[in-house]
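A, B, ... follow the sequence lines: proteins, then strands. Residue 1 opens every chain.
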Number of protein chains: 2
Amino acid sequence: MTDSLFSPVPDPSARQARGAGAAVAEGLATAIHEHRLTPGMKLGEDEVGAAFNVSRTVVRAALQTLAHEQLVSIAPHRGAFVAQPDMREAREVFEARALLEPRTAHSAALRATPADIALLEAHISAEHDALAAGETGRALRLSGQFHLDIARIADQATIAAFIANLVSRSSLVIALYWRRRNAICESNAHHALLRALADGNGPEAEALMKSHLVDLLSLLDLSPGARPARTLAEALGKP
Amino acid sequence: MTDSLFSPVPDPSARQARGAGAAVAEGLATAIHEHRLTPGMKLGEDEVGAAFNVSRTVVRAALQTLAHEQLVSIAPHRGAFVAQPDMREAREVFEARALLEPRTAHSAALRATPADIALLEAHISAEHDALAAGETGRALRLSGQFHLDIARIADQATIAAFIANLVSRSSLVIALYWRRRNAICESNAHHALLRALADGNGPEAEALMKSHLVDLLSLLDLSPGARPARTLAEALGKP
DNA sequence: GTCGCTTTGATTGTGTACGATTTCGTATTC
DNA sequence: GAATACGAAATCGTACACAATCAAAGCGAC
């Protein structure tokens with residue numbers, strides 16, 4: 001059952017650094033980013049190990065890695081689960097992004113080379129294609145990659161790492177608190193951002209990024225009386 | 001030999017959550033923060049395990065935790081070493097702090113309760129005492145704790161976690177690139193900050209924090225032709 | 001029929017053993 | 001005499017096995 005989830009690993013040659021543990025972590029992370037693993041799902045060590053054909057030792061390392069990125073939460077003697085950020089954490093994640101990413105976009109606009117622009121264009125195009133093909137999971141992951149690449153262009157590895165963490169967690173937040181399921185077609189913002197970056201227009205890139213993130217936050221349902229997440233609905237509705 | 005380094009763990013009841021691994025990580029982290037473990041030192045798994053009376057399994061988990069916080073760097077098949085951030089990373093760490101902490105101080109000033117102020121006062125006092133007693137390591141760690149507590153008062157757990165990471169790494173940067181060894185007596189800045197926080201003066205707290213961080217950065221020796229760190233000098237001069 | 005306790009099952013936490021890889025010391029050769 | 005190649009020791013990476021712990025099922029009492 002879980003084999004079908006993990007076997008088509010998108011990038012098998014991603015990193016083999018530090019053994020196979022990183023590969024497992026990468027596979028699980030992309031599965032989470034693509035919403036094939038939804039918040040609250042249990043990640044049993046034997047189960048994951050069987051899916052990746054590795055032993056529990058390496059699975060444990062991978063889960064710990066993901067726990068440090070706060071993509072999974074480990075309950076002592078209970079196991080690892082895909083994290084379920086509460087509304088407070090959800091708000092904080094986007095607030096932190098609103099604090100970090102605009103200035104990063106500004107820097108990126110001043111440093112972007114034609115090669116960078118081409119890479120971003122390819123990303124947007126791939127995202128569009130995935131969306132057209134109905135693969136909303138892939139589209140969502142590529143959308144995150146877009147933000148991540150901007151941070152990388154800004155050439156601030158430390159802040160880029162923070163943004164990578166926040167983007168990952170945003171995927172969980174979206175899975176839990178997204179309002180309208182089907183409409184993720186706000187790639188206009190990405191197009192506008194790309195234009196500002198290509199023009200080297202720092203202030204505009206900064207403003208566009210800020211408004212983009214505000215828009216994203218406004219599309220979340222963080223009303224105080226909202227559902228306490230679909231913990232049981234998901235856990236019981238799936239198998 | 002290493003037993004003498006680790007046995008007097010400052011806070012044995014810190015967290016026993018998630019087994020003993022967290023305790024080992026905490027012990028190593030405080031040792032690094034207090035500059036008792038200096039950048040470049042090797043952290044052999046058996047060695048650390050013997051020091052804490054735990055097996056390699058838990059040591060490995062602890063080292064991986066610290067590696068994710070970038071306090072130690074793990075070289076495949078070589079072992080774990082206390083991280084040696086290069087000058088670029090050193091600059092980035094303080095740039096990131098300058099981006100995050102001022103606004104956090106602003107928020108903290110608006111939310112600080114009398115109990116919070118008392119806690120900060122106690123921290124400053126303890127730092128002063130440690131400095132007077134010649135325990136520069138302890139003083140340095142407490143100085144970091146001061147910044148961390150401000151972030152906690154601001155009630156932004158996500159950003160506070162980032163700041164905690166940056167403060168930790170700052171300790172490594174200071175160990176490597178500090179200019180004048182003996183003069184760390186700039187606790188005046190902390191006093192002024194405390195005053196602004198107690199008065200609930202957000203803008204002043206923000207400005208003070210910013211200038212404080214700029215001062216700290218200016219006290220580092222990040223000239224391009226500086227020494228390539230004291231890797232061997234420290235490793236050979238200590239024992 | 002429902003609540004509480006006990007037992008059983010499964011899963012995680014930890015320790016240990018074996019294999020792979022690197023490194024350091026030594027001997028050999030140019 | 002210096003550089004290189006080889007061998008041995010040490011260390012890390014992974015797998016497996018046992019013990020501790022928790023959750024749920026089974027049973028009994030109210």
Side-chain angles (χ1 to χ4, degrees), chain A residues 1-2 6 12-28 37 40-68 71-84 231-232 234-236 238-239, chain B residues 1-2 6 12-28 37 40-68 71-84 231-232 235-236 239:
Chain A
M1 165 196 174
T2 48
F6 302 123
S13 71
R15 0 164 165 164
Q16 203 165 359
R18 240 170 53 213
V24 175
E26 189 111 2
L28 287 174
L37 292 174
M41 273 190 179
K42 168 145 198 187
L43 301 174
E45 297 186 352
D46 287 318
E47 203 176 355
V48 177
F52 284 92
N53 281 92
V54 292
S55 191
R56 272 183 51 210
T57 306
V58 50
V59 172
R60 172 172 292 272
L63 289 176
Q64 202 178 334
T65 296
L66 296 175
H68 276 289
L71 263 103
V72 315
S73 65
I74 297 180
H77 293 283
R78 298 271 320 267
F81 301 84
V82 180
Q84 304 185 85
T231 316
L232 301 175
E234 189 70 33
L236 300 179
K238 262 284 169 180
Chain B
M1 167 200 172
T2 49
F6 301 124
S13 71
R15 2 164 166 164
Q16 203 164 1
R18 241 169 53 214
V24 175
E26 189 110 1
L28 287 174
L37 292 174
M41 273 191 177
K42 168 146 198 188
L43 301 174
E45 297 186 351
D46 287 317
E47 201 176 358
V48 177
F52 284 91
N53 283 92
V54 291
S55 192
R56 273 183 51 211
T57 306
V58 51
V59 172
R60 170 171 294 272
L63 289 176
Q64 201 179 335
T65 296
L66 296 176
H68 275 289
L71 260 96
V72 315
S73 64
I74 296 181
H77 292 284
R78 297 269 322 266
F81 302 84
V82 180
Q84 304 184 84
T231 316
L232 301 175
L236 300 179

Rounded distance (Å) that lies between atom [atom2] of [N] and atom [atom1] of [X]:
X     : N      : atom1 : atom2 : value
A/D46 : D/dA15 : CG    : C1'   : 13 Å
A/L63 : C/dG13 : CG    : C1'   : 14 Å
A/I74 : C/dT12 : CD1   : P     : 10 Å
A/F52 : D/dA15 : CZ    : C1'   : 18 Å
A/L43 : C/dA10 : CG    : C1'   : 17 Å
A/E47 : C/dA10 : CD    : P     : 15 Å

Exactly one of B/V72, B/L66, B/V59 clears side-chain contact (heavy atoms from CB on, under 4.5 Å) with B/L43, and that residue is B/V72
Might you point out which heavy atoms bring A/G21 and A/A62 nearest each other, and give the distance in Å?
O-CB, 3.6 Å
Residues A/L63 and A/A80: closest non-hydrogen pair is CD1-CB, 3.9 Å
B/L71 vs B/L28 side-chain heavy atoms within contact, under 4.5 Å
no
Between A/Q64 (side chain only) and B/A61 (backbone N and O only), is there a donor and an acceptor less than 3.5 Å apart?
yes
According to the salt bridge (Lys or Arg N to Asp or Glu O under 4.0 Å) rule, which pairs have a member within residues 48-59 of chain B, sequence neighbours left out?
B/E45-B/R56
Between C/dG13, D/dT11, C/dT11, which nucleotide gets closest to the side-chain atoms of A/K42?
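The answer is C/dT11, which lies nearest to the side chain.
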Identify all pairs in which a protein N or O lies below 3.5 Å from an N or O of nucleotides 20-23 of chain C, and state each distance.
from	atom 1	to	atom 2	distance (Å)
C/dT23	OP1	B/R78	NH1	3.4

List every contact pair, protein side and nucleotides 15-17 of chain C side both N or O, where the distance is under 3.5 Å.
from	atom 1	to	atom 2	distance (Å)
C/dG15	OP2	B/S55	N	3.3
C/dG15	N7	B/T57	OG1	2.8

Starting at CD1 of A/I74, measure out to NE2 of A/H68 and round the result to the nearest 0.5 Å.
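One finds 8.0 Å between CD1 of A/I74 and NE2 of A/H68.
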If we ignore angles and hydrogens, is there a donor and acceptor under 3.5 Å between the side chains of B/Q84 and B/S73?
no
